Novice: 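Next up is a structure, given as structure tokens.
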Amino acid sequence: MRNLHVFVLAAALTAVGLGVFAYKVIDLGFPLHREARAHVWNVELKLHFNAQDGPTKAAIVLPNDSGHFIVRRQTYVASSYGITLDGDAEGNRLAVFSKRKAEGEQTIYYRASVQAYPGLDQRTPGPEPRIIAPDWNESERAAVHAVLDRVRANAADTETMALNLLDELSHPRPREEVRAVLPANASQRELADIAANILRTAGIGARTVHGIDLSREGRYSHFKHWIEVYLDGFWQPYAISQGSKALPAGYLPWWRGDRQVAAVDGARAQATTLSVAQAPQDAIESAIERGRAMQEPLISFSLFTLPLESQLVYQTLLLIPIGAIVLVLMRQIVGIETFGTFMPVLIALAFRETRLVNGILMFVMVVALGLMVRFYLERLKLLLVPRLSAVLVVVVLMMAALSVLLQKVGAGAGLSLALFPMVILTMTIERMSIVWEEYGPADAMKQGLGSMIVAILAYLAMFAEPVQYLTFTFPELLLVVLAVTLLIGRYTGFRLVELWRFRDLAREGP
Amino acid sequence: MMLLRHLRRLREAGVLGVNARNADYVLAHNERARLPQVNCKLATKKLAEQHGIPVPALFGTIAMNGEIRRLARFVEKRESFVVKPAQGAGGDGILVVTGRVNGHWRRHDGLRLDSGELDFHLSNILSGMYSLGGRPDRAFVEACVKFDPVFDELTTGGVPDVRVLVYRGVPAMAMVRLPTRESDGKANLHKGGVGLGIDLATGRTRNGVCHDQAVEEHPDSGAPLNGVLVPCWEDLLHMAARCYDITGLGYLGVDMVLDREHGPLLLELNARPGLAIQIANGIGLRSALARIDRHAEELKNPAARVDFALDRLPRLEPAAPIRLEPRQAA
């Protein structure tokens with residue numbers, strides 16, 4: 001009964017821990033290694049025009065989060081222009097820059113970082129669109145219906161119909177009825193517009209999309225164009241090409257519909273320039289940014305929201321459970337004896353600053369010197385608390401002296417000696433001396449060595465790079481650690497040392 | 001692979017490990033609220049006296065440093081006495097005084113002890129040096145047991161005692177604990193004392209264990225350990241079984257001594273008795289515990305439980321033959 005309770009609790013804790021972990025890795029894109037890099041691009045749109053000495057209003061379309069792209073850190077540079085944000089019927093976001101009186105050359109910049117999550121869907125969810133069939137003239141209408149009849153005849157569903165249509169339109173030598181609606185040498189944009197219009201004539205939700213190819217770094221001034229078809233609640237993008245209709249992964253949708261990227265009232269010449277540059281960034285940072293953009297509660301309440309200093313404190317604190325479970329394993333499963341329950345974990349923490357070899361040397365030095373002092377004090381027959389305090393004073397003095405000494409010798413590690421937990425060292429010395437006197441040096445050494453081995457193992461486990469990274473990034477994994485601890489709490493099998501201890505009884509087996 | 005075979009054999013032998021003892025027996029059968037009465041030896045003594053279980057006579061209690069001088073009055077007319085911490089564990093802090101030498105005390109091992117050393121020992125006890133967690137403690141002085149001569153040859157200084165492991169009121173396993181020179185007069189096995197298994201049905205000792213290793217002779221005197229008949233065996237079992245009724249602890253180690261004049265006396269109780277008793281007896285505990293579990297409901301009183309222990313629990317295999325080659329004279 002009790003075991004069942006523990007098993008259920010442990011299973012629940014493990015499920016929650018691993019569930020949150022999986023969600024953060026798979027859905028939020030948290031990387032499993034510190035080194036992982038994210039796909040981040042800096043995009044800049046520059047709008048240049050000549051104002052005509054009067055009220056000037058420039059509207060530019062801003063890219064939206066869509067598919068597997070997240071747009072963030074948007075900034076505008078437009079001196080002395082007022083900025084208002086607006087939207088249009090197609091769902092585009094607009095930034096409107098206005099000024100009562102502008103004259104001469106004007107430049108407006110829009111900058112943003114774009115992150116890609118290649119694992120995610122390219123499709124954009126959206127409500128059922130209201131389809132308005134376009135107006136064709138008499139000759140066009142006949143051609144459009146002829147085209148539609150042909151593509152419909154070879155199609156099983158909406159999707160294949162759209163694919164067939166794109167094939168027809170992008171054919172190098174199009175059929176006659178296609179030529180009737182398609183101008184000779186039609187641009188990508190014209191192709192996309194006509195494809196969307198024909199699909200809408202057939203009652204299919206379709207729209208033109210204009211965007212950029214992030215895989216092409218550099219400066220250029222034209223956009224890519226493709227279409228999106230509404231299928232089962234999502235806008236599915238299709239490239240307009242003879243071959244694969246799948247949209248290349250680097251295509252970032254910028255806006256949809258008939259408008260241009262920028263429109264200026266009261267200006268003469270206008271030019272837009274785009275620049276795209278890939279920006280290196282820690283994947284973890286971008287996962288957090290993305291979570292914030294999505295207002296993800298797991299991120300809003302995560303350790304990453306703490307000030308950097310507190311983060312560093314927690315980076316260490318979260319490692320203590322790892323040390324604790326090493327301790328539990330060593331004591332319950334292996335059966336190593338230690339001085340004090342958590343002493344090895346605290347010593348392991350101190351090793352972090354001193355590094356392992358230095359730490360062991362310094363620990364042994366302090367304990368050995370402390371023991372000598374403690375044996376001397378034993379002869380003075382002091383009462384317990386004053387005696388402990390005397391040892392503590394001596395330990396502090398010894399640590400200070402050792403630090404100075406090591407510094408003189410030129411070993412910088414001496415300074416980190418101060419991080420050893422003095423009180424714990426004092427108690428260790430006291431208990432070791434009592435064991436020494438009551439059970440002999442062999443037992444004292446055995447327990448001292450046991451504590452040391454557990455401390456070293458705890459150090460190795462706690463400060464392994466992946467462990468440090470995982471505990472801080474995914475603190476929920478500590479629930480799994482807790483579950484394992486609970487299970488070990490009901491472990492009633494033999495300890496490894498008992499195999500040795502009861503060896504005589506094993507010999508008499510059948 | 002070796003390890004696995006070893007593990008399987010231990011399991012087949014029904015050996016109880018520390019983890020299983022703690023989880024399945026101590027935690028399951030010993031309610032925490034009942035522990036103070038056995039953790040404090042003074043409380044145990046009082047409890048036993050209330051229920052008519054004989055204990056060594058109490059000479060006095062010292063609770064504060066200022067009272068240390070009262071010791072002289074407690075032991076004025078005594079030749080021998082024992083100083084113990086009320087909450088000491090594992091025999092720590094026990095001082096046995098066996099006589100006087102020209103105004104000084106003599107320790108059990110013959111060493112001289114002046115009153116300053118005795119006072120210092122008392123103040124160490126009071127400041128919690130021997131208690132669990134270092135909490136301040138009390139010291140008490142009681143009569144030194146004049147132990148039954150049956151173990152004379154098997155003992156070098158100190159007091160041998162009988163440990164009976166009582167499970168749900170039924171004596172499940174027993175051993176004699178003999179002090180050795182190494183254990184400094186204490187009968188505790190982890191200090192180097194010798195444990196002798198006892199056949200429950202007959203009260204005869206079997207081979208012993210010292211430092212978790214089987215021994216056939218006393219490590220100091222070389223006397224053979226086999227086949228000694230423990231006197232008053234059934235009385236000892238009765239006393240042990242009754243300790244369950246007065247404490248309510250289901251998994252209990254009962255330590256008793258045999259006094260030359262007063263017969264069996266209760267020394268102390270232990271709520272998490274050690275497992276070396278299995279090595280001393282050469283068998284695992286699990287089969288006895290399981291058998292008791294099957295019948296515990298039917299056994300209503302101490303007498304029935306002792307009878308069960310005498311008749312129905314696993315017998316020890318006949319002790320290994322005593323080695324016949326002559327021992328070297330010391």
Side-chain angles (χ1 to χ4, degrees), chain A residues 1-3 6 328-329 331-337 340-341 374 377-389 423 426-427 430-431 433-435 437-440 442-443 446-447 486-510, chain B residues 2-25 27-28 65 90-93 116-117 119-121 123-130 134 136 182-184 186 190-192 207 209 211-214 275-276 278-285 317:
Chain A
M1 198 49 223
R2 199 178 291 116
N3 276 346
V6 171
V328 165
L329 282 172
R331 290 188 49 143
Q332 296 308 121
I333 310 283
V334 180
I336 294 181
E337 285 179 83
T341 312
R374 172 64 181 74
L377 290 180
E378 178 69 18
R379 305 211 317 218
L380 304 184
K381 306 288 178 202
L382 301 179
L383 298 179
L384 179 70
V385 178
R387 183 176 66 221
L388 280 178
S389 307
V423 176
T426 305
M427 293 313 289
E430 172 70 15
R431 296 174 72 152
S433 79
I434 287 182
V435 172
E437 289 192 349
E438 304 236 328
Y439 303 98
D443 270 22
K446 201 175 84 186
Q447 283 189 40
L486 292 180
L487 288 179
I488 297 178
R490 291 298 303 168
Y491 168 75
T492 55
F494 289 107
R495 298 176 181 177
L496 271 180
V497 293
E498 285 179 332
L499 295 187
W500 169 250
R501 183 183 175 195
F502 294 124
R503 62 197 179 281
D504 282 345
L505 292 170
R507 210 171 287 145
E508 288 180 21
Chain B
M2 253 293 287
L3 218 61
L4 281 181
R5 204 168 29 192
H6 202 75
L7 188 71
R8 207 192 59 231
R9 282 218 208 107
L10 277 186
R11 234 184 245 137
E12 282 165 359
V15 175
L16 191 67
V18 176
N19 290 333
R21 175 198 69 182
N22 290 346
D24 294 340
Y25 295 98
L27 285 174
N65 265 311
D92 291 352
E117 282 170 295
D119 290 353
F120 179 65
H121 185 76
S123 91
N124 269 341
I125 291 177
L126 297 180
S127 58
M129 185 159 161
Y130 305 104
E182 188 195 346
S183 76
D184 194 23
K186 285 157 192 158
H190 61 264
K191 296 209 159 156
N207 283 343
V209 55
H211 282 303
D212 290 342
Q213 238 169 336
L275 295 165
Q278 300 177 102
I279 310 175
N281 280 277
I283 55 170
L285 258 171
E317 291 160 38

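Chain naming here is simple, since letters A, B, ... match the order of the sequence lines and numbering starts at 1 in each. Computed from a prediction, not measured in an experiment: that's the story for all the values here.
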Novice: Heavy-atom pairs under 4.5 Å with chain A: which of N19(B), I279(B), N22(B) has the most?
Specialist: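 Result: the option with the highest number of such pairs is N19(B).
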Novice: Which region of Q278(B), side chain (C-beta onward) or backbone (N, CA, C, O), has a non-hydrogen atom less than 4.5 Å from a non-hydrogen atom of chain A, or is it both or neither?
Specialist: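 Both parts, heavy atoms under 4.5 Å.
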Novice: Any side-chain to backbone donor/acceptor pair from E337(A) onto K446(A)? Under 3.5 Å, distance only.
Specialist: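 Checked: no pair found.
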Novice: Taking all atoms of both residues into account, what is the closest heavy-atom pair of R495(A) and V334(A), and its distance?
Specialist: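 Between these two residues, the closest heavy atoms are CB-O, 3.9 Å.
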Novice: Where is the tightest heavy-atom contact between N3(A) and R490(A), given as atom of each residue plus distance?
Specialist: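 Heavy-atom minimum between the residues: OD1-NE, 2.8 Å.
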Novice: Between the side chain of R9(B) and the main-chain N/O of H6(B), is any donor-acceptor distance below 3.5 Å?
Specialist: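 No: the side chain of R9(B) does not pair with the backbone of H6(B).
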Novice: What's the shortest heavy-atom distance between N124(B) and Y130(B), and which atoms?
Specialist: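 Closest approach of N124(B) to Y130(B): CB-CE1, 4.3 Å.
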Novice: What part of D92(B) is in contact with chain A, defined as an atom under 4.5 angstrom from a non-hydrogen atom: side chain, backbone, both or neither?
Specialist: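 Contact with chain A is through both the backbone and side chain of D92(B).
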Novice: With a 4.5 angstrom heavy-atom cut-off, is it the side chain or the backbone of R501(A) that approaches chain B, or both, or neither?
Specialist: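 Looking at R501(A), backbone and side chain both touch chain B.
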Novice: What part of L126(B) is in contact with chain A, defined as an atom under 4.5 angstrom from a non-hydrogen atom: side chain, backbone, both or neither?
Specialist: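 Neither the backbone nor the side chain of L126(B) comes within 4.5 Å of chain A.
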